[in-house]
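The next block holds one structure in the form of structure tokens; read it before the comments.
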Amino acid sequence: VQLQAFGGGLVQAGDSLTLSCAGSGSTFNTYSLGWFRQAPGRKRDFVAWINRGRGSTRYADSVKGRFTISRDYAKNTGYLQMNSLKFEDTAVYYCAASGNPFWDGTGYNDEDEYDYWGQGTKFTVSS
């Protein structure tokens, strides 16, 4: 499975932006997806998770109510819709996929649970 994240750029505070994560491989749609971000000088943090199938989701408290994770099985693509962007959302955003189709999502916010990572896409929120 290969992942490619894109959609970054420069936006203003309060704007909206959608990041995409395109997956290749016949098994992509069987995996849960996650988004993580790494701000300058900080460790990589969990942002959002969506499982396969029913599409259960989880979010970091810092983005809950502003970000929405989704996926389009027909397009082998995951999305992160971000609204009401803040300066502190500035980071490199990574999409990731778990290689375990039976994963129940335990530890969804732990990057060690993910086997495949995209290259990251950066966006900056100007205040």
Side-chain angles (χ1 to χ4, degrees):
V1 173
Q2 291 185 329
L3 306 177
Q4 183 177 4
F6 53 94
L10 176 64
V11 298
Q12 293 186 332
D15 282 353
S16 298
L17 186 69
T18 298
L19 303 181
S20 301
C21 176
S24 63
S26 59
T27 56
F28 174 77
N29 284 336
T30 68
Y31 298 154
S32 297
L33 301 179
W35 285 94
F36 289 75
R37 67 185 181 185
Q38 186 168 21
R42 301 190 64 176
K43 67 177 182 66
R44 189 158 59 186
D45 291 325
F46 166 77
V47 176
W49 169 86
I50 185 169
N51 75 343
R52 64 183 184 91
R54 295 183 178 182
S56 297
T57 58
R58 298 289 186 273
Y59 297 93
D61 289 342
S62 58
V63 306
K64 199 172 295 183
R66 299 189 298 123
F67 289 13
T68 302
I69 187 172
S70 63
R71 64 193 302 171
D72 185 328
Y73 289 97
K75 296 181 179 179
N76 273 21
T77 301
Y79 302 97
L80 185 67
Q81 169 69 40
M82 303 175 292
N83 298 323
S84 303
L85 285 166
K86 304 176 182 180
F87 174 75
E88 50 265 40
D89 294 320
T90 296
V92 177
Y93 282 69
Y94 298 88
C95 62
S98 164
N100 180 3
F102 304 105
W103 181 38
D104 64 359
T106 301
Y108 59 83
N109 57 347
D110 183 351
E111 62 178 67
D112 290 338
E113 295 293 338
Y114 297 84
D115 302 288
Y116 307 102
W117 290 84
Q119 82 286 4
T121 184
K122 179 180 179 180
F123 78 86
T124 301
V125 182
S126 63
S127 58

Quick one: closest heavy-atom pair of [X] and [Y], and the distance?
| X | Y | value |
| --- | --- | --- |
| Arg37 | Asp89 | NH1-OD1, 2.9 Å |
| Thr90 | Val125 | OG1-N, 2.8 Å |
| Gly99 | Tyr116 | CA-CE1, 3.7 Å |

Step-by-step ring-ring contact (aromatic ring centres under 6.0 Å, His included) determination, Phe36 to Phe46: CA-CA 4 Å; Phe36 289 75; Phe46 166 77; 5.7 Å; yes

Grouping I, L, V, M, F, W and Y whenever their side-chain heavy atoms are under 4.5 Å apart, do [X] and [Y] come out in a common cluster?
| X | Y | result |
| --- | --- | --- |
| Ile69 | Val1 | yes |
| Trp35 | Leu33 | yes |
| Met82 | Tyr79 | no |

What's the verdict on side chain to side chain contact (heavy atoms under 4.5 Å, CB included) for Tyr59 and Thr68, showing C-alpha distance, side-chain angles and the deciding distance? CA-CA 8 Å; Tyr59 297 93; Thr68 302; 3.8 Å; yes

Mind checking whether [X] and [Y] have side chains closer than 4.5 Å, heavy atoms only?
| X | Y | answer |
| --- | --- | --- |
| Phe123 | Val92 | no |
| Phe28 | Thr30 | no |
| Tyr31 | Asp115 | no |

Nearest-0.5 Å distance, [atom1] of residue [X] to [atom2] of residue [Y]:
| X | Y | atom1 | atom2 | result |
| --- | --- | --- | --- | --- |
| Lys122 | Gln38 | NZ | CD | 11.5 Å |
| Asp110 | Ser98 | CG | OG | 11.5 Å |
| Gln2 | Ser24 | CD | OG | 4.5 Å |
| Leu80 | Thr121 | CG | OG1 | 11.0 Å |
| Arg52 | Arg71 | CZ | CZ | 9.5 Å |
| Glu111 | Glu113 | CD | CD | 11.0 Å |

Without hydrogens or angle criteria, can the side chains of Thr106 and Asp104 be said to hold a donor-acceptor pair below 3.5 Å? yes

Ring-plane angle category for Phe67 and Tyr93, please: parallel below 30°, perpendicular beyond 60°, tilted otherwise. tilted

Is the ring pair Trp103/Trp49 parallel, tilted or perpendicular, if the boundaries are 30 and 60 degrees? perpendicular

Please check: side-chain N/O of Thr77 versus main-chain N/O of Lys75, any donor-acceptor pairing under 3.5 Å? yes

How far apart are the C-alpha atoms of Tyr114 and Tyr108, what are their side-chain angles, what is the distance that settles it, and do they pass the side chain to side chain contact (heavy atoms under 4.5 Å, CB included) test? CA-CA 9 Å; Tyr114 297 84; Tyr108 59 83; 4.2 Å; yes

Please say whether more than 12 non-hydrogen atoms of neighbouring residues, nucleotides or ligands are located less than 6.0 Å from CZ in Phe87. no

Output a table of donor-acceptor pairs, distance under 3.5 Å, between side-chain atoms of residues 3-21 and any protein atom two or more places apart or on a different chain; print 'none' if there are none.
unit_1 : atom_1 : unit_2 : atom_2 : d
Asp15  : OD2    : Gln12  : N      : 3.0
Ser16  : OG     : Asn83  : OD1    : 2.9
Thr18  : OG1    : Gln81  : OE1    : 2.3

